[in-house]
Participant: 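The structure that follows is given in the form of structure tokens.
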Amino acid sequence: MVRVRYAPSPTGSPHVGNIRTALFNYVFARHHGGKFILRIEDTDRNRYVPGSEDDIKWSLRWLGIEWDEGPDVGGPYGPYHQSQRLAIYQEIAHRLVEEGKAYKCFCTPEDLERMREAQKAMGAATTMYDRRCRRLTPEEVRAREAAGLPYVIRFAMPLEGTIGYEDLIHGYTEFRNALTDDFVMLKSDGYPTYHLANIVDDHLMEITHVIRGDEWISSMPRHLNLYKALGWEPPKFAHLPLLLGPDRQKLSKRHGHVQFVEFIKEGYLPDAMFNFLALCGWNPGDDREILSREEIIELFSLERVSDNPFVFHHDKLLWMNGVYIRRLSKEQLVEYCLPYLQEAGLLPKELDEPTRAYAERVIPLEQEKMKVLKDVVSLTDFFFRDDYPIDEAAVRKWYTQPHIPQMLEELIRRYEALESFDAESVERVTREVIAWLGVKGGEVIHPVRVALSGRTTGPSLFEMMAVLGKERVLKRLRRAQGWVRSS
RNA sequence: GGCCCCAUGGUCUAGUGGUCUAGGACGCCUGGUUCUCAGCCAGGAGGACGGGGGUUCGAAUCCCCCUGGGGCUACCA
């Protein structure tokens with residue numbers, strides 16, 4: 001039985017890279033019919049950010065990623081918050097101390113700082129804990145404890161030899177033990193560090209595969225030696241290529257919009273995000289790129305995960321989201337868009353039937369143009385308000401032309417007489433005016449579009465008029481009569 | 001600096017020794033459709049597969065070196 005976990009730490013709203021890791025774990029579990037576990041690694045009390053755990057869960061659920069064990073759903077291996085498992089880590093850390101595989105270190109942060117300064121002053125290329133407390137005699141340790149000095153527990157790394165492992169993505173890799181220092185396992189506040197908690201929980205929760213970012217490769221000598229010291233069989237490891245910003249640095253806040261919840265708010269669709277994230281480092285091996293979750297789960301394999309870093313560009317995500325928006329039924333599109341229009345104040349929070357029906361006719365008009373749902377606001381605002389911006393350059397271009405006054409007058413007269421203001425009738429009448437004026441179609445259509453929407457781009461003019469309705473159309477055409485000027 | 005990872009067009013990626021004068025996608029450009037934009041359709045530009053050595057009849061594909069980029073180097077994850 002495959003058991004994998006996503007183990008975020010609640011130190012802020014998760015960014016795309018974190019969620020990509022969660023998705024790969026989830027897809028791997030589903031592909032193998034295994035379990036996907038969510039474990040909260042809240043072992044850093046200083047960096048804890050309230051609310052970030054909710055963002056993590058919200059992001060996962062929004063993507064349709066449900067965890068089989070973890071917060072809210074429980075499970076046989078709980079608790080799933082590391083802060084609730086402190087006694088376990090402490091017991092194991094002390095056991096290691098008794099076995100001589102770890103030791104108490106009484107160095108203060110100031111001691112360590114001085115040590116590093118001294119090493120640098122001596123021209124050392126690398127600063128590394130000098131293991132001074134590893135050499136303390138039992139009497140010295142007892143004396144310090146009796147004096148009530150705070151301490152951390154450090155792992156006693158082997159001083160020689162190498163340790164290696166077979167990475168499912170990178171292949172065999174090995175490290176020289178002497179190059180890794182005696183890392184802290186248990187902090188002076190009694191909380192474990194990632195290195196300890198992660199190994200203990202992965203073992204206790206019977207995790208079979210650890211799938212995480214490449215930045216963890218360098219911690220492998222610590223983890224592998226810890227497993228060895230504990231006498232535990234390590235799980236399989238797969239390190240995912242890093243997600244990079246356009247400057248090729250590891251993706252982070254510095255790159256702007258990288259928080260996953262920002263993507264949700266912008267109006268990316270869950271299916272599109274799922275699809276795109278799956279392609280951040282993985283591909284199905286053929287030319288397909290638009291893939292459903294079911295297809296991704298069916299086709300996924302770690303063997304097809306690339307081992308080179310992935311530069312995250314928004315362009316392709318935007319394109320893909322557009323593809324998914326265009327595939328939406330009119331009803332789905334409306335449901336997705338209404339909240340954005342309400343949020344923008346273009347529609348009331350409580351929709352009455354006529355208003356809703358109107359919005360249902362407006363929104364689909366711009367479906368093919370939307371890249372993100374939020375686009376609906378700028379694309380359709382003139383349908384919902386009268387004080388929309390006017391493209392002055394377009395007004396200057398058209399409203400200085402000689403046929404415009406006559407055109408407006410004639411259009412208004414004929415539209416007023418129309419009984420049914422549907423697209424076909426409006427088009428018929430408009431074409432009559434075009435013929436009567438003896439001008440090209442565009443010479444009427446373009447200035448009318450500017451009159452009705454204030455812009456030069458937009459939906460098909462006649463459908464737009466039918467939706468706007470006779471009253472609004474006439475009002476706006478009359479207003480446009482005031483734009484006419486000679487030049 | 002040390003250790004480790006990575007290296008195919010601007011970006012993502014196919015490619016696992018011959019079928020590659022390197023395929024696909026995004027982006028970009030052109031044309032078509034059309035009342036505009038978008039969409040859709042059809043074309044196009046853009047790579048001497050980072051460089052140098054090998055191995056081989058034959059290398060984008062295997063090996064080595066170099067170069068470049070990145071990650072880690074905390075009582076953070």
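What you are looking at is a predicted structure, and each value in this text was computed from that prediction instead of being measured. Here is the naming used below: chain letters follow the sequence lines, and residue numbers restart at 1 for every chain.
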Participant: Could you give the distance separating rA59(B) and rG18(B) at their P atoms, to the nearest angstrom?
Facilitator: 11 Å
Participant: In whole Å, what separates the P atom of rU34(B) from that of rC29(B)?
Facilitator: 23 Å
Participant: Pairing check on rA38(B): which nucleotide meets the Watson-Crick or G-U wobble criteria with it, both distances under 3.5 Å?
Facilitator: none
Participant: Would Glu424(A) and Arg428(A) pass as an ion pair if we require N to O under 4.0 Å?
Facilitator: no
Participant: Answer yes if the ring centres of Tyr103(A) and Tyr151(A) are under 6.0 angstrom apart, and no otherwise.
Facilitator: no
Participant: May I ask you to check whether Phe28(A) and Trp282(A) place their ring centers less than 6.0 Å from one another?
Facilitator: no
Participant: For Arg455(A), report the nucleic acid contact type (base, sugar-phosphate, nothing); a contact means any heavy atom under 4.0 Å.
Facilitator: nothing
Participant: Need one value for Thr11(A): base, sugar-phosphate or nothing, where a base atom within 4.0 Å counts as base even if backbone is also close, heavy atoms only.
Facilitator: nothing
Participant: Scan residues 429-442 of chain A against RNA chain B and write down, sorted by residue number, each residue with any heavy atom closer than 4.0 Å; if none is found, say none.
Facilitator: Arg431(A)
Participant: Categorize Arg212(A) for me: base, sugar-phosphate, or nothing, with a 4.0 angstrom heavy-atom threshold over every strand shown.
Facilitator: nothing
Participant: Determine whether the aromatic ring centres of Tyr388(A) and Phe383(A) lie less than 6.0 Å apart.
Facilitator: no
Participant: Suppose you measure atom C1' in rU8(B) against the same atom in rG71(B); what distance do you get, rounded to whole Å?
Facilitator: 23 Å
Participant: What nucleic acid atoms does Val152(A) come within less than 4.0 Å of, heavy atoms only: base, sugar-phosphate, or nothing?
Facilitator: base
Participant: Across the strands shown, which category fits Phe310(A) at heavy-atom distances under 4.0 angstrom: base, sugar-phosphate, nothing?
Facilitator: sugar-phosphate
Participant: In whole Å, measure the gap between the C1' atoms of rU21(B) and rA38(B) for me.
Facilitator: 38 Å
Participant: Using a strict threshold of under 4.0 Å (side-chain N to carboxylate O), is an ion pair present between Asp271(A) and Arg293(A)?
Facilitator: yes
Participant: Name the nucleic acid region contacted by Pro221(A), choosing base, sugar-phosphate or nothing; use a 4.0 angstrom heavy-atom cut-off, strictly under.
Facilitator: nothing
Participant: Only one of Arg134(A), Arg132(A), Arg154(A) clears side-chain hydrogen bond (donor to acceptor under 3.5 Å, both in side chains) with Asp182(A); which?
Facilitator: Arg134(A)
Participant: Are Tyr172(A) and His170(A) an aromatic pair, judged by ring center distance below 6.0 Å?
Facilitator: no
Participant: Under 30°, 30 to 60°, or over 60°: which ring-plane class applies to Phe312(A) and His314(A), parallel, tilted or perpendicular?
Facilitator: perpendicular
Participant: What's Pro309(A) touching, base or sugar-phosphate or nothing? Going by heavy atoms closer than 4.0 Å.
Facilitator: sugar-phosphate
Participant: Identify whether any heavy atom of Gln367(A) sits under 4.0 Å from a base atom; if not, whether one sits that close to sugar-phosphate; answer base, sugar-phosphate or nothing.
Facilitator: nothing
Participant: Base, sugar-phosphate, or nothing for Thr180(A), non-hydrogen atoms under 4.0 angstrom?
Facilitator: nothing
Participant: Could you tell me from which nucleotide to which nucleotide of RNA chain B, 5' to 3', there is an atom under 4.0 Å from chain A heavy atoms?
Facilitator: rG1(B) to rA77(B)
Participant: Counting only Watson-Crick pairs (N1-N3 plus N6-O4 or O6-N4) and G-U wobbles (N1-O2, O6-N3), all under 3.5 Å, who is the partner of rA7(B)?
Facilitator: rU67(B)
Participant: Scan Cys107(A) against the nucleic acid and name what it touches under 4.0 Å (heavy atoms): base, sugar-phosphate only, or nothing.
Facilitator: base
Participant: Looking only at atom P, what distance separates rA7(B) and rC62(B), rounded to whole Å?
Facilitator: 10 Å
Participant: Regarding Pro192(A), tell me which of base, sugar-phosphate or nothing describes its non-hydrogen contacts under 4.0 Å with the strands shown.
Facilitator: sugar-phosphate
Participant: When rounded to the nearest Å, what value does the distance between P atoms of rC76(B) and rG39(B) take?
Facilitator: 50 Å
Participant: Pick the closest RNA chain B nucleotide for Ile169(A) and for Lys187(A) by heavy atoms, then say which residue is nearer the 5' end.
Facilitator: Ile169(A)
Participant: Checking all strands, does Leu179(A) fall into the base, sugar-phosphate, or nothing category for heavy-atom contacts under 4.0 angstrom?
Facilitator: sugar-phosphate
Participant: Which base sits across from rC57(B) as a Watson-Crick or G-U pair, both distances under 3.5 Å?
Facilitator: rG18(B)
Participant: Taking NZ, NE, NH1 and NH2 as the nitrogens, is one of them in Arg396(A) or Asp391(A) under 4.0 Å from a carboxylate oxygen of the other?
Facilitator: no
Participant: Determine the interatomic distance between C1' on rG10(B) and the same-named atom on rC65(B); round to the nearest Å.
Facilitator: 30 Å
Participant: Which base sits across from rC28(B) as a Watson-Crick or G-U pair, both distances under 3.5 Å?
Facilitator: rG44(B)
Participant: Taking pairing as Watson-Crick or G-U wobble with both contacts under 3.5 Å, can you name the mate of rG1(B), or confirm there isn't one?
Facilitator: rU73(B)
Participant: Taking atom C1' in both rA45(B) and rG54(B), compute the distance separating them and give it to the nearest angstrom.
Facilitator: 37 Å
Participant: His203(A) side chain to Val200(A) main-chain N or O, any donor-acceptor pair under 3.5 Å?
Facilitator: no
Participant: Is Lys369(A) paired with Glu366(A) through a side-chain N to carboxylate O contact shorter than 4.0 Å?
Facilitator: yes
Participant: Tell me what Arg248(A) touches on the nucleic acid: a base, only sugar-phosphate, or nothing, going by heavy atoms under 4.0 Å.
Facilitator: sugar-phosphate
Participant: Counting any heavy atom closer than 4.0 Å, what does Arg154(A) reach on the DNA or RNA strands: base, sugar-phosphate only, or nothing?
Facilitator: sugar-phosphate
Participant: State whether Arg114(A) and Glu110(A) are salt-bridged, where the test is any N-O pair (Lys NZ or Arg NE/NH1/NH2 against Asp/Glu carboxylate O) under 4.0 Å.
Facilitator: no
Participant: Could you check Asp307(A) against Val311(A) and say which one's nearest nucleotide on RNA chain B is further toward the 5' end?
Facilitator: Asp307(A)
